[in-house]
Amino acid sequence: MHGTHRRAMSPFRFTMASLILAFAVTLLGCHHSGPPRSDDRSPKVTTIDVQNQGFNDMTIYAIAGGARTRLGIANGNKTTTLTIPAYLVTTTTFFRFVADPIGGNRTPVTEEIDVSPGDQLVMIINPGQ
């Protein structure tokens with residue numbers, strides 16, 4: 001049975017100078033317009049939308065199994081969609097995400113979450129108070 005599943009996690013905060021990093025996760029299930037086909041082997045794309053409401057550009061990393069993988073740069077005051085490489089999400093995998101400010105000296109890390117192939121994640125980087 002295929003449908004849409006949503007799960008929201010409680011926001012959390014890390015203070016870094018004047019930066020608060022909040023993380024929310026939305027998981028969307030598969031949606032098919034007909035019965036499942038056994039020959040449909042197209043890879044599921046897993047993404048993270050980084051809503052950087054702060055001024056600083058951030059380098060975004062995914063950490064899984066102790067290995068850190070650079071996903072890309074989230075420019076300040078913009079929303080950037082980054083793709084998590086399929087080789088990192090072959091099955092449900094536990095991740096932490098890092099937002100490293102370019103030129104900064106402290107790097108906040110998210111709580112550990114489980115990510116499945118095809119999930120769409122959202123990370124919000126709020127401006128400082």
Closest non-hydrogen atom pair between V115 and V89, with its separation:
O-CG1, 3.9 Å
Is M123 reachable from I73 through a run of hydrophobic residues whose side-chain heavy atoms are each under 4.5 Å from the next?
no
S116 and T92 have their tightest heavy-atom pair at OG-OG1, 2.7 Å
Please examine the side chains of I124 and Q53, heavy atoms only from C-beta on, and report whether any two atoms are closer than 4.5 Å.
yes
Any T80 side-chain heavy atom under 4.5 Å of L82 side chain
yes
D49: side-chain hydrogen bond (donor to acceptor under 3.5 Å, both in side chains) partners, not counting sequence neighbours:
T81
Spell out, as yes or no, whether a donor-acceptor pair under 3.5 Å connects the side chain of N52 to the backbone of A74.
yes
Looking only at non-hydrogen atoms, find the nearest pair between P108 and A99 and report the distance.
CD-O, 3.1 Å
Output the distance between atom CZ (F97) and atom CD (E112), rounded to the nearest 0.5 Å.
10.5 Å
Using only atom types and a distance under 3.5 Å, with no angle test, would you say the side chain of D57 pairs donor to acceptor with the backbone of I102?
no
Between the NZ atom in K44 and the CD atom in Q120, the distance rounded to the nearest 0.5 Å is 12.0 Å
Which value, rounded to the nearest 0.5 Å, describes the distance between T46 atom OG1 and L121 atom CG?
7.5 Å
Candidate list T47, I60, V50, test side chain to side chain contact (heavy atoms under 4.5 Å, CB included), partner L71, passing option:
I60
Any side chain to side chain donor-acceptor pair (under 3.5 Å) pairs touching residues 93-102, not counting sequence neighbours?
D100-T107
Is I84 close to F95 at the side-chain level, that is, under 4.5 Å between some pair of heavy atoms?
yes
Could you list all the side chain to side chain donor-acceptor pair (under 3.5 Å) pairs where at least one residue sits in residues 62-77, not counting sequence neighbours?
none
